[in-house]
Amino acid sequence: MARVFVITGPSGVGKGTLIRALLARVPALELAVSATTRQPRQGESDGVSYHFLSHEEFDARVRAGEFVEWAQYSGNRYGTLRSELDARLARGVPVVLEIEVQGARQIRETMPDAVQVFIAPPSSQALRARLEGRGTDAPAQVETRLLTADAELAAQCEFTHVVVNDRLERAVEELVAVVRTELATVK
Ligand code: ADP
Ligand code: 5GP
């Protein structure tokens with residue numbers, strides 16, 4: 001069975017940025033497109049950034065058992081559809097999940113062989129600066145995400161791998177090294 005890589009950590013820490021660099025460096029990996037009830041941001045398109053679902057559609061797919069994990073985050077729901085994983089894993093393609101901490105915990109229970117990497121910020125101030133600097137979230141949304149981040153940062157001790165996203169190039173190197181080592185390890 002191919003490997004599953006879970007990349008988690010607080011919003012704004014740089015998960016998406018690091019994953020883009022990781023996929024460029026390790027082309028064998030494919031990213032699972034998550035489902036969400038949140039509204040698309042400018043530039044996001046359906047089926048690429050996310051599968052954008054209404055609350056009703058999301059509910060129906062939860063009831064149908066279509067999610068391997070899902071969580072409530074900052075007023076919306078986010079989840080990984082089984083269909084994003086199964087075909088790839090059957091073909092031997094390693095898959096990357098970019099998910100928040102509650103979802104990572106669910107994957108830990110159901111897929112104990114999944115490799116889990118927590119991305120940590122160099123400081124709380126840096127996290128705030130990145131979230132504000134990204135400019136995608138309204139001020140109230142930034143505050144909610146930072147409050148959630150406190151609890152998420154307290155959970156980093158649960159993770160085997162913790163990569164501090166201080167200098168981007170250095171953090172990319174560390175993440176690539178973790179992934180290449182795990183890919184070379186037969187489970
Ligand atoms: P996440 O996916 O975890 O929410 P993003 O990848 O969107 O985070 O990154 C949040 C912001 O921080 C973006 O504007 C990104 O360009 C910036 N960023 C990412 N990594 C670094 C870094 N190492 N140093 C400074 N800024 C960074
Ligand atoms: P955003 O709204 O910034 O795109 O995402 C908010 C949070 O939801 C981020 O921490 C992101 O990693 C997380 N997230 C994205 N997709 C999923 C998913 O499929 N499952 C879970 N549990 N979290 C997700």
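Ligands are counted one by one from 1 in listed order, and the atoms in each one are counted from 1 as well.
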Note to self: Distance under 4.0 Å, heavy atoms only, partner ligand 1: which residues pass?
What the structure shows: Pro10, Ser11, Gly12, Val13, Gly14, Lys15, Gly16, Thr17, Glu98, Arg130, Arg134, Asn165, Asp166, Leu168
Next item on the list: Look at the side chain of Asp46 and the backbone N and O of Phe52, then say whether any donor-acceptor pair between them is shorter than 3.5 Å.
Entry: yes
Next item on the list: Not counting sequence neighbours, list each pair that qualifies as a ring pair (Phe, Tyr, Trp, His ring centres under 6.0 Å) and has a residue in residues 8-43.
Entry: none
Next item on the list: For the pair Lys15 and Glu98, evaluate side chain to side chain contact (heavy atoms under 4.5 Å, CB included) and give the outcome as yes or no after the intermediate values.
Entry: CA-CA 7 Å; Lys15 299 183 296 298; Glu98 189 215 312; 3.5 Å; yes
Notebook entry, point to check: Okay, side chain of Glu84, backbone of Val33: is any donor-acceptor separation there less than 3.5 Å?
Noted result: yes
Margin query: To the closest 0.5 Å, what do you measure between OG1 (Thr185) and CG (Asp113)?
Written below: 11.5 Å
Next item on the list: Flag the pair Arg128 and Glu143 as a salt bridge only when some basic side-chain nitrogen lies within less than 4.0 angstrom of an acidic carboxylate oxygen.
Entry: yes
Margin query: Under the rule for salt bridge (charged side-chain N to carboxylate O under 4.0 Å, His left out), what residues qualify as partners of Arg38, not counting sequence neighbours?
Written below: Glu44
Ligand 2 N/O to protein N/O, distances under 3.5 Å:
unit_1: ligand 2; atom_1: 2 (O); unit_2: Arg38; atom_2: NE; d: 2.6
unit_1: ligand 2; atom_1: 2 (O); unit_2: Tyr78; atom_2: OH; d: 2.6
unit_1: ligand 2; atom_1: 2 (O); unit_2: Arg145; atom_2: NH2; d: 2.8
unit_1: ligand 2; atom_1: 3 (O); unit_2: Arg41; atom_2: NH2; d: 2.9
unit_1: ligand 2; atom_1: 3 (O); unit_2: Arg145; atom_2: NH1; d: 2.7
unit_1: ligand 2; atom_1: 4 (O); unit_2: Arg38; atom_2: NH2; d: 2.8
unit_1: ligand 2; atom_1: 4 (O); unit_2: Tyr50; atom_2: OH; d: 2.5
unit_1: ligand 2; atom_1: 5 (O); unit_2: Tyr50; atom_2: OH; d: 3.3
unit_1: ligand 2; atom_1: 12 (O); unit_2: Glu98; atom_2: OE2; d: 3.3
unit_1: ligand 2; atom_1: 16 (N); unit_2: Ser34; atom_2: OG; d: 3.0
unit_1: ligand 2; atom_1: 16 (N); unit_2: Glu98; atom_2: O; d: 3.3
unit_1: ligand 2; atom_1: 19 (O); unit_2: Ser34; atom_2: OG; d: 2.7
unit_1: ligand 2; atom_1: 19 (O); unit_2: Glu69; atom_2: OE2; d: 3.3
unit_1: ligand 2; atom_1: 19 (O); unit_2: Gly79; atom_2: N; d: 3.4
unit_1: ligand 2; atom_1: 19 (O); unit_2: Gly79; atom_2: O; d: 3.0
unit_1: ligand 2; atom_1: 19 (O); unit_2: Thr80; atom_2: N; d: 3.4
unit_1: ligand 2; atom_1: 19 (O); unit_2: Thr80; atom_2: OG1; d: 3.4
unit_1: ligand 2; atom_1: 20 (N); unit_2: Glu69; atom_2: OE1; d: 3.4
unit_1: ligand 2; atom_1: 20 (N); unit_2: Glu69; atom_2: OE2; d: 2.7
unit_1: ligand 2; atom_1: 22 (N); unit_2: Glu69; atom_2: OE1; d: 2.8
unit_1: ligand 2; atom_1: 22 (N); unit_2: Glu100; atom_2: OE2; d: 2.7
unit_1: ligand 2; atom_1: 23 (N); unit_2: Glu100; atom_2: N; d: 3.1

Next item on the list: Rounded to the nearest 0.5 Å, what's the gap from CG on Leu22 to CD1 on Ile7? Could you check?
Entry: 6.5 Å
Note to self: Before you tell me yes or no, could you show the steps for Phe5 and Leu29 under side chain to side chain contact (heavy atoms under 4.5 Å, CB included), namely the whole-Å CA-CA distance, both residues' side-chain angles and the distance that decides it to 0.1 Å?
What the structure shows: CA-CA 9 Å; Phe5 293 91; Leu29 298 171; 4.0 Å; yes
